[in-house]
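Throughout, a chain's letter reflects where its sequence line sits, starting with A, and its residues are numbered from 1.
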There are 2 protein chains.
Amino acid sequence: MELRQLRYLVAIDEHGNLGRAARALFVSQPALSYALKSLESELGVRLFERTPGGVVATAAGRDVVRAASEAVRRADLVAAVAARHRRDADRVLRVGFEASGAGELTTKARAEFARRHPGARVEPKRFDWGEEAEALRDGRVDVAFVWLPADLAGLRSVVVHTEPRVVGLPVGHRLADREGVSVVETNGEPLMWTERAPRAWVDWWAVNPRPDGSEPLWGPKNDNVEEMLEQVAEGAAICFAPSSMASYYARPDLAWVPLTDVEPLRVALSWSDDTETALVRGFVEAVSDLAVTET
Amino acid sequence: MELRQLRYLVAIDEHGNLGRAARALFVSQPALSYALKSLESELGVRLFERTPGGVVATAAGRDVVRAASEAVRRADLVAAVAARHRRDADRVLRVGFEASGAGELTTKARAEFARRHPGARVEPKRFDWGEEAEALRDGRVDVAFVWLPADLAGLRSVVVHTEPRVVGLPVGHRLADREGVSVVETNGEPLMWTERAPRAWVDWWAVNPRPDGSEPLWGPKNDNVEEMLEQVAEGAAICFAPSSMASYYARPDLAWVPLTDVEPLRVALSWSDDTETALVRGFVEAVSDLAVTET
DNA sequence: CGGGGCCATAAACGCGGCTTATGATCGCTG
DNA sequence: CAGCGATCATAAGCCGCGTTTATGGCCCCG
């Protein structure tokens, strides 16, 4: 069994026919035909049914493709690990976050870490909604502040921060001058949401269903904080956010009002077993120590 | 990057020199020299320092080897997944357990599962101490009853069963006729233990440290329940076990006495994401339903 | 100072996967 | 219903690359 065969397999499954997969892989169609056949013969099980119009995975094929794509991912991770060492190895730590991260803790953590590890450098990496976990898994960052809920499978995590949530409104909005609002008072307002994160994440953020059983009115989609705030400022929708966003993204055309009856945001610090280095451990310790004093 | 190179890499790291690794892999030594060199050049980082006497991994090498061995494992899992489909695919479920498993629940679960899935067959697989988790990870079983504590990384788990613990003694032992004993009363007795499980597991079972701060007297090692009971029957040591063992391994030369002041055993039902099939889900559901009524 | 470990290099061989060319089958369509 | 345009399979030839054996250089130790 060759890594190449597994890559081919995944591509074939993705494209649903040999020809397109071949073009995507920059090889000829018979190469895939041959590779697939030899893999099936080695594994002793038919992976794809051939039909005019394409190929379709058998039950065995589906499972094998799943396992194969994981194997390919791990192989790519080998290259990522090596690439990291080729560059800067034990001197720089890449920290992922989204939007306002974990608020002040993000900055304090960086300072504390710099104090403890004078030789090291922190590279902050900003991500769109829900992208940090994936980035951790494929080695694009070493550690990340993740907004919960999130899919933390395959990652180690510590909850390090919580903060109340607020609603973001355009100035002049009927609720903009309130001291605080209940989530049900926003029921009729179109709410920003995203397709980048899993449904559970979206529902948690949107408080769906609402305490009164109703469903939020879904507004425009967005991929990141700037897109979200732009739409809110335009008056196209409102958004929910952690309170730190009010200070980190202060804009004259936005108003922020505390939500009085929703769970606070919890932020986890996460990292992957596969990229756990001395620097990662050091950062986790620094943040954990700060998190204890914070609460 | 080829799977073969990664396998070579892991073997080189294991053996610490090219010659022995080559013999283990049934290839010539220059083949490894060439493969290692080409991989290092592809990754752009030196993986092993060459010394007279052998090779030793660099910092980068250690990380890359770790990632590589995981990649190799996932590739082997592809073959395991295929092998499963080649055999019996969606008809038989392999259930791992050790010793008395989860007691009656093990049997009841099997019956309930058979009732719900008339076409399916259960293959029980017995393991030595602490081996089930590994077996789950490399696909030798689909699901397993795991005695906690255990390393469940990479697995999904539900705690489904708890039972009190007992001490196993040879008949005629000074404590054999008691209604119950405190763990500290066994302080002077040599206690069975194992090297197959992680230290934390051994300590938990041995109740180390004891409530009075002392350390158990370590007796003979053993790999599985039969070996353990054999030594206990001989009078070479005593053992701690879940109470179900008293009825599942009733021997005329053994006595079982409840431990009055130790935590009960907890049993998790575990399975791997990578081998989650309809049958696995069905079994988990069946066991979960039974577990609810059990408590 | 010689022998025996180690790894690196060189040269030749041969397997295996690639390519292009072509065949077989199906389904759509005018 | 014939023909076109998809699909995947097969055939034949090429050539890259990883293997082998043979050899060299290095270091340590007796």
### Query
Is the shortest distance from a Lys or Arg side-chain nitrogen in A/Arg156 or A/Asp273 to a carboxylate oxygen in the other one below 4.0 Å?
yes
### Task
Please state how far atom CG in B/Asn17 lies from atom P in C/dC6, giving the value in whole angstrom units.
5 Å
### Task
Please report, rounded to the nearest Å, how far the P atom of C/dA8 is from the CD atom of B/Glu49.
11 Å
### Message
Would you say A/Lys37 places a side-chain N or O within less than 4.0 Å of OP1 or OP2 belonging to D/dT10?
### Response
yes
### Check ion pair B/Arg126-B/Glu98 (N to O, under 4.0 angstrom)
no
### Query
Between B/Arg50 (CZ) and C/dG5 (C1'), how many Å, whole number?
17 Å
### Task
Indicate for each nucleotide in nucleotides 17-25 of chain D, in 5' to 3' sequence, whether protein heavy atoms under 4.0 Å reach the base (B), only the sugar-phosphate (S), or nothing (-).
-SBBBB---
### Query
Starting at CZ of A/Phe48 and ending at P of D/dT7, how long is that distance when rounded to a whole Å?
16 Å
### Query
Just by distance, do the side chain of B/Arg7 and the backbone of B/Ser69 share a donor-acceptor pair under 3.5 Å?
no
### Task
Check whether any side-chain heavy atom of A/Leu47 lies under 4.5 Å from a side-chain heavy atom of A/Glu49, and answer yes or no.
no
### Task
Could you tell me the separation between the CG atom of B/Leu18 and the C1' atom of D/dC26, rounded to a whole number of Å?
14 Å
### Task
Please determine if A/Asp63 and B/Arg84 form a salt bridge, counting it only when a charged side-chain N lies under 4.0 Å from a carboxylate O.
no
### Query
Once you round it to whole Å, what is the distance between C1' of D/dT7 and NE2 of A/His15?
16 Å
### Task
Would you tell me if any nitrogen or oxygen in the side chain of A/Ser33 comes within less than 4.0 Å of OP1 or OP2 on D/dA9?
yes
### Query
For A/Leu36 and C/dG17, what is the distance between atoms CG and P respectively, to the nearest whole Å?
13 Å
### Which residue lies more 5' along DNA chain C, comparing B/Gly19 with A/Pro52 via nearest heavy atoms
B/Gly19
### Query
Would you call A/Arg281 and A/Phe283 a side-chain contact if the rule is heavy atoms closer than 4.5 Å?
no
